[in-house]
Amino acid sequence: MKRKHVLAVASVIGGAILVGCATYTTPTREETLQVVNSSFRDRGIAKLDRLKQSDTQIACSEAALTGKELPKDVSARLEKAALATVKYPADGAYLGDFKQGERIAQTGVGLQWSDTDKTVAGGNCYACHELTSQELAFGNIGPSLKGYGKLRGNSKEVVSYTWGKLWNSHAFNACSQMPRYGDANILTTAQLKDVMALLLDPNSPVNK
Ligand code: HEC
């Protein structure tokens, strides 16, 4: 008896879902943005302007919606523009302190509504990357960076590529999911140097 009742309910729900599917139309970009915008509000330092997409983000979102890659000429143009935003260290020194770099890679503090504009932000690299062998808790959205400097060396090209990638990840992959640490003012130049040392200093635990 009870089972029959459950079945009846299930079939009503099934019917409702089918009817729902039959009348579904893909929302327009404006409708989607309206829903997204109305779901958030300003709170502390986290303001609604964060929802405003850059031209690159708009192009990448549109491409993702249609399940297509960006056309080659478009991604090349966006990457070139991103590369032009990179500010290289004026003193020509790229490597700071790898111990500080490890702290920055470990912490995800900063830029949240509960922080202030004085809070020193971290890089949260481990959320997406493996780095040292000692740290076993890491995400895998990004590739493993274990042995980064040992595998690639310290040539001028490697150093300036790595700096550029950290400053504005879109410079080498238009639709990168990696934060733009310099371009979006997440990390300071001094912090970026410490993270560079974590990746490239031969004595860094990343390269041991
Ligand atoms: C939200 C996830 C995410 C975070 C956080 C993140 N990355 Fe990445 N990173 C990626 C992804 C995904 C890639 C590979 C695809 C690409 O190029 O965007 C990548 C690529 C890289 C590369 C290039 C690797 C190569 O083989 O050339 C470096 C270097 C790098 N990340 C360093 C870092 C450092 C250092 C941090 C912290 C300061 C960091 N990433 C934080 C997602 C992330």
Side-chain angles (χ1 to χ4, degrees), residues 46 50 53-54 56-57 59-61 63-64 69-70 72 74-83 85-89 93-112 115 119-208:
R50 292 191 184 179
Q53 291 186 301
S54 67
T56 302
Q57 288 167 332
C60 293
S61 298
E69 303 243 314
L70 281 183
K72 283 267 171 315
V74 176
S75 56
R77 180 170 51 76
L78 294 172
E79 285 166 13
K80 201 173 153 202
L83 189 59
T85 68
V86 178
K87 294 196 183 84
Y88 298 91
Y94 284 84
L95 302 196
D97 173 356
F98 64 79
K99 287 198 185 112
Q100 289 296 340
E102 170 69 4
R103 279 191 204 118
I104 295 164
Q106 289 273 359
T107 171
V109 164
L111 300 170
Q112 297 166 48
D115 293 318
T119 311
V120 178
N124 213 12
C125 316
Y126 280 100
C128 297
H129 295 286
E130 176 180 30
L131 286 127
T132 66
S133 333
Q134 286 79 15
E135 180 53 87
L136 301 177
F138 54 83
N140 60 3
I141 293 176
S144 171
L145 301 173
K146 203 161 108 176
Y148 187 86
K150 203 169 159 184
L151 293 168
R152 301 184 189 217
N154 255 338
S155 68
K156 221 175 134 222
E157 288 72 25
V158 168
V159 170
S160 89
Y161 158 72
T162 308
W163 182 270
K165 183 75 192 166
L166 294 179
W167 192 277
N168 190 342
S169 58
H170 297 192
F172 301 98
N173 175 3
C175 298
S176 179
Q177 293 169 306
M178 180 166 145
R180 293 166 290 133
Y181 288 103
D183 188 51
N185 290 318
I186 300 168
L187 297 179
T188 63
T189 296
Q191 285 180 306
L192 285 172
K193 289 183 181 186
D194 293 339
V195 173
M196 286 286 286
L198 179 67
L199 293 172
L200 292 165
D201 191 316
N203 294 316
S204 156
V206 163
N207 297 317
K208 291 284 173 196

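Whatever order the structure lists them in is the order used to number ligands and atoms, beginning at 1.
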task: Could you tell me whether Tyr148 approaches ligand 1 through its side chain, its backbone, both or neither, with non-hydrogen atoms closer than 4.0 Å?
output: side chain
field: atom 38 (C) of ligand 1: nearest protein contact (heavy atom, Å)
entry: Cys125 SG, 2.5 Å
message: Using a 4.0 Å cut-off to any heavy atom of Asn173, which atoms of ligand 1 qualify?
response: 15 (C), 16 (C), 17 (O), 18 (O)
- prompt: Gln191: heavy atom below 4.0 Å from ligand 1, yes or no?
  reply: no
field: atom 17 (O) of ligand 1 - nearest protein heavy atom and its distance
entry: Lys165 NZ, 2.6 Å
Atoms of ligand 1 close to Asn124 [distance to a heavy atom under 4.0 angstrom, numbered from 1]: 5 (C)
query: Does Ser169 reach ligand 1, in the sense of a heavy atom lying below 4.0 Å from it?
result: no
message: Under 2.8 Å from atom 8 (Fe) of ligand 1 - does any N, O or S atom of Ser176 fall there?
response: no
- prompt: How close does the nearest protein non-hydrogen atom get to atom 14 (C) of ligand 1, and which residue and atom is it?
  reply: Pro143 CD, 3.5 Å
- prompt: Tell me: protein heavy atom nearest atom 40 (N) of ligand 1, and distance?
  reply: His129 NE2, 2.8 Å
- line: Residue, atom and distance of the protein heavy atom nearest atom 27 (O) of ligand 1 read Tyr161 OH, 2.5 Å
- line: Honestly, for Pro179 the part within reach of ligand 1 (heavy atoms, under 4.0 Å) is side chain
query: Quick one: does Thr107's side chain have a donor or acceptor within less than 3.5 Å of a partner on Gly122's backbone?
result: no
query: For ligand 1, is Phe172 a contact, meaning one of its heavy atoms is under 4.0 Å away?
result: no
task: Say whether Ser169 and Tyr181, considering side chains only, have a donor N or O and an acceptor N or O under 3.5 Å apart.
output: no
- prompt: Nearest protein heavy-atom contact for atom 25 (C) of ligand 1: which residue, which atom, what distance?
  reply: Arg152 NH2, 3.2 Å
